[in-house]
Engineer: 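Input: one structure, supplied below.
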Amino acid sequence: MTNTKPPISDQTNLLDKVWDTHAVCELPSGQTQLFVGLHLIHEVTSPQAFSMLREMKLPVRFPERTIATVDHIIPTLSQLRPFADDLAEKMMSAIEKNCSQHGIRLLDPASGQQGIVHVIGPELGLTQPGMTIACGDSHTSTHGAFGAVAFGIGTSQVRDVLATQCLALAKPRVRRIDITGKLAPGVYAKDVTLVIIRQLGVKGGVGYAYEYGGPLIDAMSIEERLTVCNMSIEGGARCGYVNPDETTFEYLRDREFAPHGAAFDTATRWWKSLASAPDTAYDDRIEIDGNAIAPSVSWGINPEQNIGVDERLPHPADAPAEKRASLEEAFSYMSLKPGEPIEGTPINVAFIGSCTNGRISDLREAARVARTGHVAPGVKALVVPGSQAVAREAEAEGLDEVFRSAGFEWRLAGCSMCLAMNPDKLVDREICASSSNRNFKGRQGSPTGRTLLMSPAMVAAAAIAGHVVDVRGRL
Ligand code: SF4
């Protein structure tokens with residue numbers, strides 16, 4: 001699956017280079033017919049696509065470029081078959097049947113490689129620089145951390161990619177986001193992405209790809225970059241990426257699906273050539289001071305509605321006119337009051353996991369906090385590894401025991417309470433401190449449930465305190 005075309009050299013940005021390399025033709029609509037190097041599928045958005053394919057009597061064009069896993073519906077307490085939930089069992093059976101019929105590799109729980117689609121792609125080395133990647137999940141932007149151009153797509157587009165390995169897409173403009181400075185202890189990649197969205201807005205990225213760079217991004221690990229790229233879509237961007245560098249290449253070395261030996265060296269030369277030229281012109285460019293970023297907490301009903309943990313909630317009257325209605329709706333739904341501090345807001349549930357923050361580095365940071373206390377009475381706290389590989393690594397380090405001793409539940413890999421298409425759901429008006437990516441109304445399974453987005457370490461601190469608290473005082 002590796003693109004080993006000869007290096008290209010020009011003065012443009014990565015998005016342009018990858019786009020042009022994968023363009024099949026320009027369509028009369030003005031869109032590009034774009035070849036998709038890697039198609040990731042899961043059990044929720046693929047059954048209808050396979051049904052449409054069957055109706056059209058079409059085969060899967062490149063089964064070897066398609067990888068399947070199960071994550072959204074999979075229970076995290078017991079994955080014994082048949083699942084207790086009929087719909088989940090039907091979806092699981094459907095993806096098994098479809099993959100077997102079309103010769104697609106399915107990474108199910110028995111494979112030992114199952115997990116959230118945006119966690120397993122990177123950890124298996126499937127995600128590589130310069131690729132075009134598509135998946136029927138909004139947070140496919142995650143894979144941009146490697147310098148891939150990765151899009152979330154809808155069910156009919158999943159059908160299109162299965163049938164043709166191509167998508168019809170409009171080329172986005174590119175906004176370069178430079179993050180300078182250094183993160184203070186207790187401040188994480190999640191806080192960086194929340195601050196970007198707060199500053200640019202949930203619609204600020206519409207029509208754009210976000211290219212993240214600058215000293216702070218350069219110094220980040222791949223797992224931190226994955227968190228930042230993951231939430232590009234929450235800022236309205238079509239995708240987000242970081243230029244590939246030595247951190248990227250070292251992460252990929254010896255991963256199962258990455259090239260090996262001489263092929264790795266050849267691929268590395270190609271990957272290096274894809275990075276945006278230093279003097280590239282962008283459609284827009286902004287800079288954010290990383291030194292000024294504090295642990296952030298969403299308080300409203302979209303990720304833009306977030307503040308530093310040491311700040312007070314905004315007054316709608318102080319906001320631009322076009323934002324006031326949304327702020328008032330958020331206050332009403334969340335039962336919070338303008339001017340109140342966010343610190344001290346009581347929580348009922350704490351969720352550590354998801355494709356944003358369910359990786360080993362996230363669990364290590366949360367475990368550092370978990371070692372300092374015990375989950376508060378009345379709080380339900382879940383730790384859900386993003387993949388079976390993450391779970392194995394965490395268990396080898398004893399993190400599962402750290403969490404259990406502190407009163408957290410240690411679960412099996414899956415999306416769990418990020419979207420709650422499985423038994424992990426909020427009940428009624430519960431408030432959840434969550435390391436996931438969306439705080440929309442009803443997102444976590446209860447139509448009236450409330451979500452406060454924050455970093456995994458902040459979630460662990462809130463679980464122990466029983467309310468939102470500044471993790472900087474707990475490390
Ligand atoms: S963890 Fe959440 S955002 Fe990520 S793939 Fe699963 S449901 Fe989608």
Side-chain angles (χ1 to χ4, degrees), residues 38-46 67-76 87-88 91-92 95 107 109 114-124 126-127 133-145 150-155 158 189-190 193-194 197 202 223 226-237 239-240 298 302-303 349 351-359 362-363 382-391 411-426 432 434-440 442-445 449 451 453-456 459:
L38 173 66
H39 188 198
L40 298 167
I41 61 173
H42 59 83
E43 75 284 17
V44 172
T45 48
S46 67
I67 297 280
T69 192
V70 282
D71 50 9
H72 287 63
I73 53 92
I74 197 140
T76 63
L87 182 60
M91 284 184 171
M92 184 76 201
I95 199 163
L107 303 176
Q114 173 265 338
I116 305 173
V117 66
H118 311 312
V119 175
I120 63 162
E123 75 188 8
L124 291 172
L126 287 160
T127 304
I133 299 177
C135 174
D137 182 273
S138 311
H139 295 85
T140 307
S141 58
T142 312
H143 304 262
F151 303 104
I153 55 176
T155 296
V158 173
K190 180 65 156 287
T193 193
L194 284 171
I197 298 167
V202 284
E223 296 203 352
L226 285 163
T227 298
V228 173
C229 290
N230 174 275
M231 290 192 63
S232 306
I233 190 76
E234 301 306 329
C239 59
S298 78
N302 68 51
V349 178
F351 168 58
I352 297 169
S354 84
C355 59
T356 313
N357 281 129
R359 298 182 181 80
D362 300 312
L363 303 193
L382 303 187
V383 183
V384 187
S387 70
Q388 292 180 318
V390 171
R411 296 293 190 88
L412 300 167
C415 295
S416 182
M417 208 177 261
C418 172
L419 182 59
M421 290 184 85
N422 52 70
D424 303 340
K425 297 181 197 299
L426 295 186
C432 179
S434 178
S435 71
S436 56
N437 44 49
R438 281 194 170 156
N439 54 341
F440 300 165
R443 168 77 177 180
Q444 292 190 286
T451 303
L453 302 175
M454 58 190 84
S455 71
V459 175

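One-based numbering, in listed order, for ligands and for the atoms of each.
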Engineer: Examine distances only and state if a side-chain atom of N439 and a backbone atom of N302 form a donor-acceptor pair shorter than 3.5 Å.
Structural biologist: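 Yes, because the side chain of N439 sits within donor-acceptor range (under 3.5 Å) of the backbone of N302.
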Engineer: Taking non-hydrogen atoms only, is N437 closer than 4.0 angstrom to ligand 1 via side chain, backbone, both or neither?
Structural biologist: side chain
Engineer: Is M421 touching ligand 1 with its side chain, its backbone, both, or neither, if touching means heavy atoms under 4.0 Å apart?
Structural biologist: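 Neither part.
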Engineer: Hey, which N, O or S atom on D137 ends up closest to atom 8 (Fe) of ligand 1?
Structural biologist: OD2
Engineer: Does E234 reach the main-chain N or O of R438 with its side chain, forming a donor-acceptor pair under 3.5 Å?
Structural biologist: no
Engineer: Strictly by modelled atom types, are N357 and S435 linked by a side-chain donor-acceptor pair under 3.5 Å?
Structural biologist: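 There is no such pair (donor and acceptor under 3.5 Å, judged by atom type) between the side chains of N357 and S435.
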Engineer: Measure from the side-chain N and O atoms of H72 to the backbone N and O of E43, and report whether any donor-acceptor pair falls under 3.5 Å.
Structural biologist: no
Engineer: Given H118, which partner from the list T127, T142, D137 fulfils the side-chain hydrogen bond (donor to acceptor under 3.5 Å, both in side chains) test?
Structural biologist: D137
Engineer: Of all the atoms in C418, is at least one N, O or S atom closer to atom 4 (Fe) of ligand 1 than 2.8 Å?
Structural biologist: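 No - counting backbone and side chain alike, C418 has no N, O or S atom under 2.8 Å.
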Engineer: For H42, which part has a heavy atom under 4.0 Å from ligand 1: side chain, backbone, both, or neither?
Structural biologist: neither
Engineer: Among all protein non-hydrogen atoms, which one is nearest to atom 6 (Fe) of ligand 1, and what is the separation to 0.1 Å?
Structural biologist: C415 SG, 2.3 Å
Engineer: How far does OG1 of T193 sit from CD1 of I197, to the nearest 0.5 angstrom?
Structural biologist: 4.0 Å
Engineer: Taking 4.0 angstrom as the limit and counting only heavy atoms of H118, give me the atoms of ligand 1 inside it, by number and element.
Structural biologist: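 Matching atoms, with element in brackets: 5 (S).
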Engineer: Please confirm whether the backbone N or O of A134 pairs with a side-chain atom of T140, one donor and one acceptor, at under 3.5 Å?
Structural biologist: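 Looks like no, no N/O pair under 3.5 Å.
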Engineer: Can you tell me which residue and heavy atom of the protein come closest to atom 4 (Fe) of ligand 1, and the distance to 0.1 Å?
Structural biologist: C355 SG, 2.3 Å
Engineer: Measure the spacing between NE2 of H42 and CD1 of I95 and express it to the nearest 0.5 Å.
Structural biologist: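 If I round to the nearest 0.5 Å, the distance is 8.0 Å.
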Engineer: For ligand 1, indicate whether the residue R443 contacts it via side chain, backbone, both or neither (heavy-atom separation under 4.0 Å).
Structural biologist: side chain
Engineer: Against heavy atoms of H139, which atoms of ligand 1 measure under 4.0 Å?
Structural biologist: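 With H139 as reference, the close atoms of ligand 1 come out as 3 (S).
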Engineer: Show me which atoms of ligand 1 lie under 4.0 Å from any heavy atom of L419.
Structural biologist: 7 (S)
